[in-house]
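Below, read A as the first sequence line, B as the second, and so on, with proteins coming before strands; counting in each chain starts at 1.
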There are 2 protein chains.
Amino acid sequence: MTPVSPGSVPAVPAAPAVAVSPAAANLPTLRGHNAALVLDLLRAAGEAGASRSELAEGTGLTPQAVSKITARLRDAGLVAQAGHRPSTGGKPRTLWRLVRDARHAVGLHLDRDEVTAVLVDLLGGVVAAHRAPFDLGAPCRAVVDAAAGAVRALPAGPGRGGRPLGVGVACPGPLDHRTGVLRRVTGFPHWDGHPLRDSLSRRLGLPVVLDKDTNAAALGLALRGGEGGGDASFAYLHLGTGLGAGLVLDGVLYRGRRTGAGEFGHQVVQLDGPECGCGDRGCLEALCLAAVARGDAAGAARVLGTGAAGLAGLLDVDRVVLGGRTVLADPEPYRAGVERELAARAARTDGRAVPVSVAPGGTRLVARGAAHLVLAPLFGRLEPGTRPEDLG
Amino acid sequence: MTPVSPGSVPAVPAAPAVAVSPAAANLPTLRGHNAALVLDLLRAAGEAGASRSELAEGTGLTPQAVSKITARLRDAGLVAQAGHRPSTGGKPRTLWRLVRDARHAVGLHLDRDEVTAVLVDLLGGVVAAHRAPFDLGAPCRAVVDAAAGAVRALPAGPGRGGRPLGVGVACPGPLDHRTGVLRRVTGFPHWDGHPLRDSLSRRLGLPVVLDKDTNAAALGLALRGGEGGGDASFAYLHLGTGLGAGLVLDGVLYRGRRTGAGEFGHQVVQLDGPECGCGDRGCLEALCLAAVARGDAAGAARVLGTGAAGLAGLLDVDRVVLGGRTVLADPEPYRAGVERELAARAARTDGRAVPVSVAPGGTRLVARGAAHLVLAPLFGRLEPGTRPEDLG
DNA sequence: CCACTTTGGCAACAGCGTTGCGGAAGTGCA
DNA sequence: TGCACTTCCGCAACGCTGTTGCCAAAGTGG
């Protein structure tokens, strides 16, 4: 809605005022929706580009409508022609592609002990990165300073991109994405109630979007070309200090009303089992971390796989993606163990086994995903934020 | 898309041809979307009605746009004026309400041992009902006959409603909603691969939509005025012959790609626990049904509550609704037991406890929900099917 | 009776995707 | 080399959307 006005008031994306459940649509909405569809197809096509008729086929728009839309996007500098396809007996198709550096976004991953900042272009490619030690347990003021410093350490975006569209911030939950306020971050109770999004937005003079690290990672995976990118629904399971999940359902990041969705680690898999830090007994996380602690990756994977199988049944996901420090340190036993449990479940229900993969992107996965919190709305893949209709 | 052409070819709702991910929008789409918004508000307002400015406020449309839309809907016979609100110092507001019997839909619940058919009006009210013994284990041909007979036993809709918009069919899973084909229904393997939707549609000469009983129930609850109706996300837990769930997430019925979502009973809550019919060990369903069998409702409720707490955390739902024959036979111990577990979880995470309620609607809940499979698209609450733009 | 408030329809309008059509730019055969 | 054919794609006219400006209608309150 509110256009990002460079160099003026820090334009925080308008939180949806009243929950006008599904919003009314008018002509600008329509235009923005279709433009986002076209942009999203071009994003998926990447450097290869796509032709007018392919875009028409993929969106359902008429070729003429695609022509008008691409012309507008060209005038806005977001797309450009990129050669032609070989002729098939007639005039060859003109290819269009996204202009990588037309816009940029910053992704910021605040982890417990380090901060990662990346500058990404429209295609999600990392243009610059910065990593530094960090202490999420320090006083809020110092942490906000350090976070802002990490963003400022990135070079100013080159070319027309200049000023980034905004900053996506990912950090451990619980937190409220809609208000941008942290809750009682596990281990660091002093964050409870701190409006991190607004603090950072004021400090940087840029729009800021806040979300959980697992959600950012899942969003990044949903927008990738490769594995996980083509799946309408998948679960990203993150095993590190704790055990959490990011859910993409029917192509949309699912957060739940209070950004609480994805609390995967505190499902009970062993009634009256060993006590967990949360106060319950027999939680997935407790069993899994205990196995990790005694070096039993296979055992941890079995427990993780049991939880994954339950989740796969409950949500009928197309894929399970594993990530987090513990998994990335030695992925194969986890992948194989979870795969075995999912295959066993498939055999019982005689359905196809849900495929498992290890998250690509390494230690930058979350930071890149955080940048997508800002970029995704351009492509109609996330509700609030900058839409194509704001860019003309 | 395809208008329902009364009295011609059985118009089965067009299955989305190619997965044109999010569909392109044009002016008719826009018009239909906004009309659905207005209809949905009027549906929620019920007999009380709503005024032009209230509709404008609720949808985000301008009052003038609402005027145009209500005029079109009036010409189509879907809405009518219903008095005025008291003046607040100016011209009093004109109230509009849905015309109850402008259209009707049939809901059909095929349970293992009985069939329930209901004829409902636009507001979801039951106009006529029919119930009969039934055997889902009989040969397919006989079952289709019996199902068609139950529909024909309903009186032809009065007034302009005349011919129903379509028939929503709910039955035990697994099945594929998109293709309308049953899979290996537990206990009745001979259904595997039977295109029940198309069989019934040909037999009745009406559009048919097929879904799982739990999904139909959840949809019906989502469209109710009362409890569960106002919640964006909730889980309906159904305890009867088995244990399943229907999920409404962010206001939308979530099915998963292969209509497999909601398999709630086969989550493991007791590693290496007692064997379950599915072949796994320690499933929620096995433990729960065992407790029920030995008359231990409190124990069953505790197990159910453990599963509900896990689900509430994973999906951050706003409410849990309990239903199914076992629960309805004696609701209180189940409600109280599940509530206790959810309260315990809330205390651990210091959040608010997720409220629990028992499904209203009694033995017709599923059949009414099935009718909503046909009605919901009119109100923009379910994707395919008859949209307002087909009615003018 | 009159000033004021509030509702809501009429008419003009900008802008969306659609349709009809024709020129541009290739291929392939004579 | 020339010509018929195929395919792509932009111009122009069009129908229809929600929006805006305006004014009549229908109440209240002094």
At less than 4.0 Å, is any side-chain N or O atom of B/Arg52 found next to OP1 or OP2 of C/dG8? Yes or no. yes

Side chains of A/Asn26 and A/Thr29: is there a donor and an acceptor less than 3.5 Å apart? yes

Between the side chain of B/Asp318 and the main-chain N/O of B/Ser233, is any donor-acceptor distance below 3.5 Å? yes

Output the rounded distance in Å from CD (B/Glu57) to P (C/dT7). 11 Å

B/Glu54 CD to C/dT6 P, straight-line distance once rounded to whole Å: 15 Å

Grab the CG-P distance between B/Leu95 and D/dG27 for me, whole Å please. 14 Å

Is B/Arg72 near enough to D/dG18 that one of its side-chain N or O atoms lies under 4.0 angstrom from OP1 or OP2? yes

Under 4.0 Å between a side-chain N/O of B/Asn34 and OP1 or OP2 of D/dT17, yes or no? no

State whether A/Ser67 places a side-chain N or O below 4.0 Å from either non-bridging phosphate oxygen (OP1 or OP2) of D/dG10. yes

Out of B/Leu122, B/Val99, B/Leu98, which residue meets the side-chain contact (heavy atoms from CB on, under 4.5 Å) rule with B/Leu42? B/Leu98

So, A/Arg72 and A/Asp75, do they make that salt bridge, N to O below 4.0 Å? no

Length of the CG-C1' vector between A/Leu30 and C/dA14, whole Å: 14 Å

How close or far is atom P of C/dG17 from atom CG of A/Leu55, stated in whole angstroms? 14 Å

Short of 4.0 Å, heavy atom to strand atom, which residues of residues 86-94 of chain B count as contacting DNA chain C? B/Gly89, B/Gly90, B/Lys91, B/Pro92, B/Arg93, B/Thr94

Regarding B/Arg52 and B/Ser67, is there a side-chain donor-to-acceptor distance under 3.5 Å anywhere? yes

Please identify each residue that fulfils salt bridge (charged side-chain N to carboxylate O under 4.0 Å, His left out) with B/Asp250, with sequence neighbours left out. none

To the nearest angstrom, the NE2-P distance between A/His84 and C/dT27 comes to 12 Å

Send over the distance from B/Arg74 CZ to C/dG8 C1', rounded to a whole Å. 12 Å

Do we see a donor-acceptor contact under 3.5 Å between the side chains of B/Arg93 and B/Ser53? yes

Options D/dG15, C/dG17, D/dC8, nucleotide nearest the side-chain atoms of A/Ile69: C/dG17

N/O to N/O distances under 3.5 Å, protein versus nucleotides 19-23 of chain D:
| residue | atom | partner | partner atom | Å |
| --- | --- | --- | --- | --- |
| D/dT19 | OP2 | B/Thr62 | N | 3.4 |
| D/dT19 | OP2 | B/Thr62 | OG1 | 2.5 |
| D/dT19 | O4 | B/Lys68 | NZ | 3.1 |

Over all heavy atoms of both residues, which pair between A/His177 and A/Thr259 is shortest? Give the atoms and the distance, please. N-OG1, 2.7 Å

Polar side-chain atom of A/Arg381 near backbone of A/His372 as donor-acceptor pair, under 3.5 Å: no

In whole angstrom, give the distance that lies between atom CZ of B/Arg85 and atom P of D/dT28. 16 Å

